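Here the structure is laid out as structure tokens; the discussion comes afterwards.
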Amino acid sequence: MSTPTYVVQSAVPMLWLLIAVVGATIRTRHSPSAAAKLETWQRWWAVAALGCGSLWMTISFLTIPDVMATAIGFNRSPFLFEIAFANLGLAVMAFRAASPSASARERITIGLGAGMFLWGAVIGHLYQWFANGDHAPGNTGGVLVYDLLIPAVMIILAVVSRRREREVDGGAAREVRVDGEPSTSGLGAAPGYVKA
């Protein structure tokens, strides 16, 4: 495989990061506040980077499994079907995280869930690289950056959002049950609970 071909194939996962960054940057040029910018970045990151990237992987693993297996440097196996549906799960969670009603806490949880899968994939890719010499474009390069950054950035953005919410509340917000009693559940906006 020629170097330019390898670089292009290796960089494909980075396309979703680029779309998220460009989209969020353009959309936030005239944002009225830092909070609005942060919300826009979270939604673009969830939809474009995690959601569309994972949906693309789902479709690819289901429709062109031989191409995907070759790109990763593996033989075709039933494992590819499982990877397709794991990515579909990531896409569904990502589109939920992009919802206007998604809380920072929910986005952190989705980021952590995505991280468990994607960071585990990074470990697997690195193992295949160093233990078995797998230098296929789908095993090294862009996929490693994608798998590391997607959940990390999602979590960081959500943590910053949660801190801003607490600062706006002046740290005085607390959970209380609808009947006015203090909550000890720590469940946030669970049914029967409101922010006081």
Side-chain angles (χ1 to χ4, degrees), residues 11-59 86-119 121-122 142-196:
V12 167
M14 301 299 288
L15 175 66
W16 303 110
L17 301 177
L18 181 64
I19 291 170
V21 169
V22 170
T25 300
I26 291 170
R27 186 73 174 105
T28 58
R29 284 183 308 170
H30 304 292
S31 286
S33 68
K37 284 183 180 182
L38 182 58
E39 178 66 17
T40 300
W41 271 92
Q42 288 182 92
R43 293 174 80 183
W44 269 92
W45 197 259
V47 168
L50 181 59
C52 291
S54 296
L55 196 55
W56 172 258
M57 294 302 291
T58 300
I59 293 166
N87 275 283
L88 182 59
L90 292 178
V92 169
M93 290 190 307
F95 296 136
R96 171 61 195 143
S99 166
S101 63
S103 69
R105 189 173 185 174
E106 186 174 11
R107 288 173 174 159
I108 292 168
T109 303
I110 291 168
L112 288 169
M116 296 308 96
F117 175 72
L118 295 173
W119 294 333
V122 167
V143 71
L144 297 175
V145 175
Y146 177 91
D147 287 356
L148 279 171
L149 286 182
I150 295 297
V153 171
M154 187 170 205
I155 293 165
I156 290 166
L157 291 171
V159 166
V160 170
S161 177
R162 188 163 166 94
R163 286 185 182 155
R164 283 181 160 276
E165 288 171 2
R166 287 183 177 164
E167 288 171 8
V168 169
D169 289 341
R174 61 185 172 84
E175 296 171 9
V176 295
R177 293 195 323 229
V178 174
D179 63 9
E181 294 297 316
S183 166
T184 57
S185 71
L187 294 176
Y193 294 86
V194 295
K195 287 277 189 183

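Since the model is a prediction, treat every value here as computed from it, not as a measurement.
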If you measure from [atom1] on [X] to [atom2] on [Y], what distance do you get to the nearest 0.5 Å?
X: Ile155; Y: Thr109; atom1: CD1; atom2: OG1; answer: 9.5 Å
X: Trp45; Y: Leu149; atom1: CH2; atom2: CG; answer: 6.0 Å
X: Thr58; Y: Leu90; atom1: OG1; atom2: CG; answer: 8.0 Å

Going by atom type alone, with no hydrogens or angles, which donor-acceptor pairs under 3.5 Å involve a side-chain atom of residues 21-30 and a protein atom two or more places apart or on another chain?
from  : atom 1 : to    : atom 2 : distance (Å)
Thr25 : OG1    : Val21 : O      : 2.6
Thr28 : OG1    : Ala24 : O      : 2.8
Thr28 : OG1    : Thr25 : O      : 3.3
Arg29 : NE     : Ile26 : O      : 3.3

At their closest point, which heavy atom of [X] faces which heavy atom of [Y], and how far apart are they?
X: Ala158; Y: Gln42; value: CA-OE1, 3.3 Å
X: Ala97; Y: Met154; value: CB-CE, 3.3 Å
X: Met14; Y: Gly142; value: SD-O, 3.6 Å
X: Arg43; Y: Pro100; value: NH2-CG, 3.3 Å

List the steps and the verdict of side-chain contact (heavy atoms from CB on, under 4.5 Å) for Leu118 and Leu148. CA-CA 7 Å; Leu118 295 173; Leu148 279 171; over 6 Å; no
For residues 46-57, which side-chain donor-acceptor pairs fall under 3.5 Å, sequence neighbours excluded?
from  : atom 1 : to    : atom 2 : distance (Å)
Ser54 : OG     : Leu50 : O      : 2.7

Which residues share a side-chain contact (heavy atoms from CB on, under 4.5 Å) with [X], sequence neighbours left out:
X: Glu106; value: Arg96, Ala102, Ser103, Ile110
X: Leu144; value: Val122, His125, Leu126, Trp129
X: Ala36; value: Ser31, Pro32, Ser33

Salt bridge or not between Arg105 and Glu165? Use side-chain N to carboxylate O under 4.0 Å.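 Glu165 and Arg105: not salt-bridged.
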Close side-chain approach of Asp147 to Trp119, heavy-atom, < 4.5 Å: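 A side-chain contact under 4.5 Å is absent here.
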Between Arg107 and Leu157, is there a side-chain heavy-atom distance shorter than 4.5 Å?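 SC-SC contact between Leu157 and Arg107 ruled out.
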